[in-house]
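See below for the structure under consideration.
Along the sequence shown, the residues carry numbers beginning at 1. Predicted model only: the values in this text are computed from it and were never measured. In listed order, ligands and their atoms are each counted from 1.
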Amino acid sequence: MKLLVVEDESKMLELLSRGLSEAGFEVDVASDGAAGLQMALTNSYNLMVLDVMLPFIDGFEVCRQIRKQGKTTSILMLTAKYEIDSRILGLDSGADDYMVKPFSFAELLARLRALVRRGTQNWPRYIEKNGVRIDVLNRKVSYSSTDVVLTATEFDLFKCLFEKSDAAISRARILEEVWEFPFNGSSNIVDQYVGYLRKKLTPLSNVVSIETVRTLGYRMVFNPIERGTK
Ligand code: CA
């Protein structure tokens, strides 16, 4: 499986290159957009991990050029939080997925694996339970025709609970998955965000709710559909 990493921060490039090689990919690297584009067009890569802010040609343009040449390489874009714009959210440049820095390497691997499995054809993707639908690509939650408008963090928290619904999840685990920093034992940020999320889920309260699990954390619970009169 051939993979190209295009990233201008040398430390990040080295980290990615090493980690992905260890994960079994045959890794090539480029440290600017022009070099990356040339490599992508002259070689056949299965996957590409592409930074957005790059010298010479930015990631969006690299992506567009690759698609223009008819290359179907699966492309995952890396971006800083403040760089997220509509081009990423809509993946208008032809990318298949994106991740916001800083990210966990485990998640990057999981997403790349998913891209391999899926090929590039099956977007967009949805997860659905009891009529509650997550549009993973556009990071939206909806029920019937009602959209639940969530902030980025609220969405990540919702998705984390949703994916493991009916199971109790500890605050530490939630912190790790949603905030990606080690739990220091004092933060009540999880409780705070669960509070926000509960408020936003009020219109869906007959379908889905977040239960407090004493001394541990939280659990997302779906009510039987029959009860939901909407
Ligand atoms: Ca960069």
Is there an N/O/S atom in [X] that lies less than 3.0 Å from the Ca ion (ligand 1)?
X: Met53; value: yes
X: Glu9; value: no
X: Asp51; value: yes

Quiz item: So which residues get pulled into Leu216's cluster when ILVMFWY side chains under 4.5 Å apart are joined, directly or through others?
Solution: Val213
Practice problem: Ignoring hydrogens and angles, state whether a donor on the side chain of Asn130 or Tyr143 is under 3.5 Å from an acceptor on the partner side chain. | Solution: no
Exercise. Using only N, O or S atoms, tell me which atom of Asp8 is closest to the Ca ion (ligand 1).
Key: OD1
Quiz prompt | Charged N-O contact under 4.0 Å between Arg111 and Glu107 | solution = yes
Quiz item: Between Lys101 and Glu9, is there a side-chain N and carboxylate O pair less than 4.0 Å apart?
Solution: yes
